Every structure is written in structure tokens, then in C-alpha cells.
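Comments concern the structure below.
Computed from a predicted structure; not experimentally measured.
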Amino acid sequence: MWLKNPFLYVDPIQDLTIACEVYTGDPKSTSNKADRGFFFVKSTDISVEFLKYWEVAMVLHPDHDAQSVLEMIKEDEVAQFRLRVRIKYLDTVHFSGFCQPNKDMRQVHTMHANCCEDLESKVHDLRLVLDDWRNSMTSLSTPGSSWRVPSKCKEK
């Protein structure tokens with residue numbers, strides 16, 4: 001769910017800018033667990049090759065979802081060397097999710113319903129996000145107001 005302009009955090013130098021389920025503190029570390037809740041691709045030859053490689057990898061790994069295949073590519077040193085893709089991983093302070101939520105809603109630009117097992121739980125918790133956001137915008141809420149989520153979904 002987009003709450004504020006997320007493009008303020010897109011780095012024009014990087015080929016890909018990706019939100020995280022879990023952020024390690026280093027925007028370039030492949031140890032960050034990528035989350036496609038916010039995924040910005042700069043149109044470059046490198047990013048096109050990366051996306052083609054990812055598409056082929058998904059065909060080669062039909063039992064894995066796109067996010068899992070992305071994690072495999074990130075860990076493959078040969079692929080990283082060959083592709084030369086530059087990735088910026090976004091801090092969960094501003095690109096929050098249910099896996100690693102930032103409780104201070106003033107800082108959050110997007111909220112992703114990750115770490116959720118089923119659609120019903122996602123919808124329930126996203127409704128809470130929207131209600132909390134609306135309430136914070138229409139009232140004199142306490143600075144640093146926090147979310148009621150995750151409620152049905154879980155943190156990692």
C-alpha cells in the first residue's frame with residue numbers, strides 16, 4: 001500500500017531498487033531479503049539482461065516463486081559477475097512490511113503485506129493499515145503513532 005511518494009528513495013545510479021522483507025542496514029548487501037512489494041527497474045541494457053535471466057531462471061525452477069528465484073540469483077556469484085546488475089535494497093524504516101514493520105507511521109512510505117499466509121489475513125491487516133493511516137491524517141494523533149499491524153499476519 002502506497003502512503004507517500006516512494007520515488008524519493010529510488011537511486012538513479014542503480015539498475016534495480018527493491019523493497020525488503022528483512023533489511024540488514026546496508027542498501028547494497030545481498031543479505032537483505034528482497035521483497036517485490038516495491039520494485040523499480042531503471043531501463044538499461046543491464047537491467048533488461050537481468051530480467052531476461054530471471055525469466056529463464058523461473059522456467060528452470062518451476063517449483064519456486066519469482067521471489068525465491070530472485071534470492072537464488074542474488075546468491076549466485078557467477079550470475080552477479082556476468083550480469084553486473086546494481087541493486088539498491090530499501091530500508092524497512094520507509095518501506096515497511098509485516099515481516100519487519102516500522103511502528104512509527106510518520107516514516108513509512110509503503111506498507112507491504114508480506115509474511116502473510118493467506119489472502120484473508122492480508123486483506124484484514126491492510127484494512128487496518130488504511131484505517132490507521134486515515135486516522136493519523138485526520139486527527140491530532142500523537143507524533144510517532146503506531147500501526148495495529150501485523151495482527152493476523154506475523155513478524156519475522
Task: Results of side chain to side chain donor-acceptor pair (under 3.5 Å) for H109 - residues two or more places apart only - done: none
Minimum heavy-atom separation for [X] and [Y], please, with both atom names.
{"X": "V149", "Y": "D125", "result": "CG1-O, 3.2 Å"}
{"X": "D76", "Y": "V78", "result": "OD1-N, 3.0 Å"}
{"X": "P12", "Y": "K42", "result": "O-NZ, 2.6 Å"}
{"X": "L90", "Y": "C20", "result": "O-SG, 3.5 Å"}
{"X": "P101", "Y": "S96", "result": "CA-OG, 3.1 Å"}
{"X": "M1", "Y": "V129", "result": "SD-CG1, 3.8 Å"}

State plainly whether the residues [X] and [Y] are in salt-bridge range, i.e. N to O under 4.0 Å.
{"X": "K152", "Y": "E117", "result": "no"}
{"X": "K88", "Y": "D11", "result": "no"}
{"X": "D26", "Y": "K28", "result": "no"}

Going from [atom1] on [X] to [atom2] on [Y], what distance comes out if it is rounded to the nearest 0.5 angstrom?
{"X": "Q107", "Y": "L3", "atom1": "CD", "atom2": "CG", "value": "13.0 Å"}
{"X": "E49", "Y": "T44", "atom1": "CD", "atom2": "OG1", "value": "9.5 Å"}
{"X": "K122", "Y": "F98", "atom1": "NZ", "atom2": "CZ", "value": "9.0 Å"}
{"X": "K4", "Y": "M105", "atom1": "NZ", "atom2": "CE", "value": "10.0 Å"}
{"X": "L126", "Y": "W133", "atom1": "CG", "atom2": "CH2", "value": "14.5 Å"}
{"X": "I46", "Y": "Y53", "atom1": "CD1", "atom2": "OH", "value": "15.5 Å"}

Open item on the list: I'd like to know whether T92 forms a side chain to side chain contact (heavy atoms under 4.5 Å, CB included) with N102, so could you lay out the CA-CA distance, the side-chain angles of the two residues, the decisive distance to 0.1 Å, and finally the verdict.
Closed with: CA-CA 7 Å; T92 54; N102 178 353; over 6 Å; no
- [ ] Identify the residue among F7, Y9, Y23, F38 that makes a ring pair (Phe, Tyr, Trp, His ring centres under 6.0 Å) with H94.
- [x] Y9
With a 4.5 Å cut-off on side-chain heavy-atom distances among I, L, V, M, F, W and Y, is there a chain of contacts connecting [X] to [Y]?
{"X": "M111", "Y": "L130", "value": "yes"}
{"X": "W54", "Y": "V48", "value": "no"}
{"X": "L16", "Y": "V10", "value": "no"}

Open item on the list: Using a 6.0 Å cut-off, check whether atom CZ of R127 has over 12 heavy atoms from anything other than its own residue.
Closed with: no
Open item on the list: Looking at D45, I'd like to know if its CG atom is crowded, meaning that more than 12 non-hydrogen atoms belonging to other residues, nucleotides or ligands lie closer than 6.0 Å.
Closed with: no
Distance-only donor-acceptor pairs under 3.5 Å for side chains of residues 56-65, two or more places apart:
from, atom 1, to, atom 2, distance (Å)
D65, OD1, Q67, N, 3.4
D65, OD1, S68, N, 2.7
D65, OD1, S68, OG, 2.7

- [ ] Would you check if there is a donor-acceptor pair between the side chains of N114 and E21 at a distance under 3.5 Å?
- [x] no
- [ ] Show your working on side chain to side chain contact (heavy atoms under 4.5 Å, CB included) between V41 and F50 and close with a plain yes or no.
- [x] CA-CA 10 Å; V41 181; F50 174 79; over 6 Å; no
Open item on the list: As a quick check of understanding, evaluate side chain to side chain contact (heavy atoms under 4.5 Å, CB included) for S151 and H124, giving each step before the final call.
Closed with: CA-CA 8 Å; S151 170; H124 173 270; 3.6 Å; yes
Task: Close side-chain approach of R84 and D15, heavy atoms under 4.5 Å - done: no
TODO: Starting from the C-alpha separation in whole Å, work towards a yes-or-no answer on salt bridge (charged side-chain N to carboxylate O under 4.0 Å, His left out) for E55 and K52.
DONE: CA-CA 5 Å; E55 188 174 358; K52 286 179 183 177; over 6 Å; no
Open item on the list: Test of understanding: with side chain to side chain contact (heavy atoms under 4.5 Å, CB included), list the residues that count as partners of A34, not counting sequence neighbours.
Closed with: I18, L70, E71, K74, Y89
TODO: Applying side-chain hydrogen bond (donor to acceptor under 3.5 Å, both in side chains), run through S29 and N32 and close with a yes or a no.
DONE: CA-CA 6 Å; S29 173; N32 292 307; 4.6 Å; no
Task: From CA spacing to verdict: disulfide bond (SG atoms under 2.5 Å apart), C153, C115 - done: CA-CA 6 Å; C153 300; C115 291; over 6 Å; no
Task: Worked check of side chain to side chain contact (heavy atoms under 4.5 Å, CB included) between E75 and T30 - done: CA-CA 7 Å; E75 294 169 10; T30 57; over 6 Å; no
